[in-house]
Amino acid sequence: MEKIQILIIEDNEDIRESTSEILELANYQVYQASNGKQGIDLAIKHIPDVILCDIMMPELDGYGVLHLLSKREDTALIPFIFITAKADRMEIRKGIEMGADDYLTKPYDDIELLNAIESRLKKRERQRNIYSSNLTQINNLFQASHGLEELQKAFSERKIKSFKKKQVIYYEGDAASTVYLMISGSVKTTKMTEDGKEFMTGVYGAEDYFGITSLFAGKEYKETAEVLEEATLCSVPREVIDQLFYKYPDVAEKFIKILAGNVISHEEQLLQLAYFSVRKRMAEVLLKLHTKHPQTENFEISRENLASMAGMAIETVSRILSDFKEENLIDRNAGKITILDVSRLQKLKN
């Protein structure tokens with residue numbers, strides 16, 4: 001059986017050698033590069049299973065390595081992990097936006113290193129199945145579309161990215177350059193009021209698209225998108241969507257239906273805020289979350305996020321959840337909510 005190949009690109013010899021030793025003891029085939037240019041040559045030559053790359057290096061830094069490898073068809077989908085001495089929010093966000101899969105902050109121990117590698121390998125092992133599922137989802141969404149083949153190609157050429165809980169995908173005001181398709185997990189979109197309160201405008205799960213409204217309404221995202229549960233998703237650039245729109249009216253029609261559905265959902269949300277009691281609003285929110293998790297018995301969400309979705313105070317959320325639990329409508333344990341009686345919740349919101 002062939003060994004899994006790991007490429008380490010690191011200009012610090014001690015770190016490079018010690019990391020290589022750990023990985024070789026774990027039965028990986030390791031290639032070493034002392035600078036970015038050498039790393040690119042080795043990546044093209046060997047097509048490793050995972051790349052570990054320092055950020056700050058002479059001649060060509062880690063961002064340059066990632067950028068150049070992402071332009072090549074044979075290296076674009078290789079899991080890429082940055083290793084860095086500092087990892088502030090802007091640095092992490094820049095790397096993620098460029099396509100990095102993970103970060104290791106120096107000094108890291110052998111457990112952190114091996115866990116990061118194994119996590120990426122498991123995700124890559126599942127990638128074929130995810131792509132297959134992704135294309136099935138696209139088939140369902142774009143049935144009888146002459147643009148289906150082009151859309152499938154657009155998605156298959158994009159890396160599936162993983163996002164951790166509470167990680168921000170984009171902020172309100174960022175340039176709207178991408179449409180996102182959820183593969184797994186969940187994402188919320190929010191807007192901030194003038195007095196600093198957060199209002200949740202949407203929750204997206206598997207097979208949902210988000211970022212569409214902002215993409216077609218202007219050049220900036222109109223809300224912030226943040227991960228509720230660890231998520232995987234695909235993204236397609238605005239230019240690709242624009243081309244499909246111009247060439248295939250039926251593709252445009254499908255996206256228009258999605259936009260119309262979003263508008264209807266927001267109108268219902270506004271009506272609930274204006275006229276529904278707090279119990280009705282909470283029942284509506286819980287049922288909506290329940291439909292987003294059809295494969296699980298329960299779902300995890302904080303009181304803060306429930307308050308943001310329902311447009312009420314956190315104290316009110318706590319009181320209503322306690323009431324619902326006493327009425328055997330739900331069960332709540334360690335932040336996870338289980339819906340016990342869907343029909344009674346339905347009656348509450350009607």
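A salt bridge between D341 and K347 is absent, with no side-chain N of the basic residue lying under 4.0 Å from a carboxylate O of the acidic one. The existence of a salt bridge linking E226 and K166 is excluded, since no basic side-chain nitrogen approaches an acidic carboxylate oxygen closer than 4.0 Å.
Among all heavy-atom pairs drawn from S235 and T178, the shortest one is CB-CG2, 3.1 Å. Counting all heavy atoms, side chain and backbone alike, S20 lies closest to Q32 at OG-NE2, 3.2 Å. When all heavy atoms of C53 and G62 are compared, the pair lying nearest together is SG-CA, 3.8 Å. Counting all heavy atoms, side chain and backbone alike, A26 lies closest to L114 at CB-CD2, 3.8 Å. The shortest heavy-atom contact between K191 and K222 is NZ-O, 2.5 Å.
Between the CD1 atom in I55 and the OG1 atom in T84 there is a gap of 4.0 Å [rounded to 0.5 Å]. Distance check, rounded to the nearest 0.5 Å: CG of L23 to OH of Y31 gives 13.5 Å. For the atom pair CD1 (I301) and OG (S186), the distance works out to 7.5 Å, reported to the nearest 0.5 Å. Note that CG of D41 and NE2 of H46 are 10.0 Å apart. Values are rounded to the nearest 0.5 Å.
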Show, in sequence, the C-alpha distance, side-chain angles and deciding distance for V203 and V187, and conclude whether the side-chain contact (heavy atoms from CB on, under 4.5 Å) test is met.
CA-CA 6 Å; V203 176; V187 166; over 6 Å; no
Please step through side-chain contact (heavy atoms from CB on, under 4.5 Å) for the pair I9 and I40, ending with a clear verdict.
CA-CA 9 Å; I9 309 173; I40 288 175; over 6 Å; no
Full working for side-chain contact (heavy atoms from CB on, under 4.5 Å) between R303 and S318
CA-CA 7 Å; R303 291 182 308 155; S318 298; 2.6 Å; yes
Start with the C-alpha gap between E59 and K37, add the side-chain angles, then the distance that decides, and say whether side-chain contact (heavy atoms from CB on, under 4.5 Å) holds.
CA-CA 7 Å; E59 297 187 48; K37 290 182 178 179; 3.5 Å; yes
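Under the rule for a salt bridge (charged side-chain N to carboxylate O under 4.0 Å, His left out), the partners of R279 that lie at least two apart in sequence or sit in another chain are E327.
A donor-acceptor contact closer than 3.5 angstrom is absent between the side chains of T224 and T190. Defined by atom type and a distance below 3.5 Å, a donor-acceptor pair is present between the side-chain atoms of S184 and T232. If you check the side chains of S322 and E326, you find no donor sitting under 3.5 Å from an acceptor.
Few gaps surround NZ on K106; more than 12 heavy atoms of other groups in view lie less than 6.0 Å from it. Atom CE of M56 is surrounded by 12 or fewer heavy atoms from other residues, nucleotides or ligands within 6.0 Å. With a 6.0 Å radius and a threshold of 12 heavy atoms from other residues, nucleotides or ligands, N333 has its CG atom at or below the threshold.
Partner of Q5 under the side-chain contact (heavy atoms from CB on, under 4.5 Å) criterion, chosen from D49, I51, V50: D49. Partner M282 forms a side-chain contact (heavy atoms from CB on, under 4.5 Å) with one of I330, L329, V317 and no other, that one being V317.
With hydrogens and angles ignored, the 3.5 Å screen pairs no side-chain donor or acceptor of K161 with any backbone N or O of D101.
For residues 14-30, no residue pair satisfies the salt bridge (Lys or Arg N to Asp or Glu O under 4.0 Å) rule, not counting sequence neighbours.
Between Y170 and Y221, the ring planes lie parallel to each other; the angle is under 30°, not in the 30° to 60° tilted range.
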